[in-house]
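Notes follow once the structure below has been shown.
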Amino acid sequence: MLRSLAFVTAGVLVAAAAYELALALSAWGVGAEPGEGAPWAGTAEGVALLATLVGVAVGLVCTARPTAAAALLSPAAGSFVAAREYTYDPYYAPTLRRYGDGGTVPLWWIVGLAAITLVVGVVTWRQPRPGGLATALLLLVWAGTALFASGH
């Protein structure tokens, strides 16, 4: 069951990342008024953050009941936050300013976390017990970064 939960959670995060990537590639813009974002953007962010918290729980349980499937969680969360950095910030609507354009989270932070994410993914795949704890901690950092970047 833990393995299935890890796969589903990673799938939700990848789906949210794909939605954010579509926004970043201008599939939808921002509204005509400040604060008016793309359709379902708030829902996608909320679902992704909830999935990240589920991933934290999976990582913690993985320390007692190891599963290599938990290795997918940190890269999935990282892909969501990285794609979100390039979506348009509705605060500046109708101007097309991205979260990453002079935003609160510098690019070096995202790139550094992405590198750590890959290492944690490999460690979790090879050694799920210690990797589960590292995954849980990294997912908390990704969630905090997502919230901080979007001004919540």
Side-chain angles (χ1 to χ4, degrees), residues 1-28 30 37-91 97-152:
M1 173 146 155
L2 185 63
R3 182 174 179 233
S4 297
L5 186 58
F7 278 124
V8 168
T9 303
V12 168
L13 287 166
V14 168
Y19 175 79
E20 294 295 335
L21 181 61
L23 293 180
L25 295 173
S26 300
W28 297 278
V30 290
W40 301 98
T43 303
E45 180 185 22
V47 167
L49 290 173
L50 182 61
T52 302
L53 293 178
V54 170
V56 169
V58 168
L60 291 174
V61 172
C62 188
T63 61
R65 296 185 55 212
T67 176
L72 300 171
L73 294 172
S74 64
S79 64
F80 166 73
V81 178
R84 181 139 178 88
E85 267 299 286
Y86 292 98
T87 62
Y88 297 114
D89 188 347
Y91 179 83
R97 179 176 168 170
R98 298 179 190 276
Y99 283 107
D101 292 342
T104 54
V105 177
L107 179 61
W108 63 264
W109 178 261
I110 300 294
V111 171
L113 277 182
I116 293 168
T117 290
L118 295 176
V119 171
V120 167
V122 170
V123 167
T124 305
W125 178 53
R126 293 198 164 262
Q127 298 179 347
R129 284 183 196 272
L133 182 59
T135 294
L137 294 173
L138 188 56
L139 287 176
L140 287 173
V141 174
W142 275 124
T145 299
L147 289 171
F148 188 68
S150 60
H152 294 309

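Values in this document were obtained by computation on a predicted structure and should not be read as measured data. We use all heavy atoms of the structure for the numbers below, so side chains are in, but hydrogens, waters and symmetry mates are not.
Heavy atoms only, all atoms of each residue included: A64 and P66 are closest at O-CD, 3.5 Å. Scanning all heavy atoms of the two residues, the minimum distance from C62 to G132 falls at CB-CA, 4.1 Å. Closest of all the heavy-atom pairs between A44 and F80 is O-CE1, 4.5 Å. Considering all non-hydrogen atoms of both residues, A17 and A83 come closest at O-CB, 3.7 Å. Taking each heavy atom of V120 and G131 in turn, the nearest pair found is CG1-O, 4.5 Å. Contact detail for A10 and L72: the closest heavy-atom pair is CB-CB, 3.8 Å.
Here OG1 of T87 is found 10.5 Å from CG of L21. Values are rounded to the nearest 0.5 Å. Rounding to the nearest 0.5 Å gives a distance of 11.5 Å between CG of L137 and OG of S74. Remark: R3 CZ to T67 OG1 distance equals 6.0 Å, nearest 0.5 Å. Atom OH of Y99 is separated from atom CG of D89 by 4.5 Å, given to the nearest 0.5 angstrom. Distance check: L49 CG to L139 CG gives 11.0 Å after rounding to the nearest 0.5 Å. Interatomic distance, CG of L138 versus CG of L133, reported as 11.0 Å (0.5 Å rounding).
At distances below 3.5 Å, at least one donor-acceptor pair connects side-chain atoms of Y19 with backbone N or O atoms of A41. Between the side chain of T9 and the main chain of A6, no donor-acceptor pair closer than 3.5 Å is present.
Sorted by first and then second residue, the side-chain hydrogen bond (donor to acceptor under 3.5 Å, both in side chains) pairs involving residues 129-149 (not counting sequence neighbours) are W109-T145, T117-W142, T124-T135.
Residues satisfying the side chain to side chain donor-acceptor pair (under 3.5 Å) test with T104, not counting sequence neighbours, are none. Partners of R98 by side chain to side chain donor-acceptor pair (under 3.5 Å), not counting sequence neighbours, listed by chain and number: Y88.
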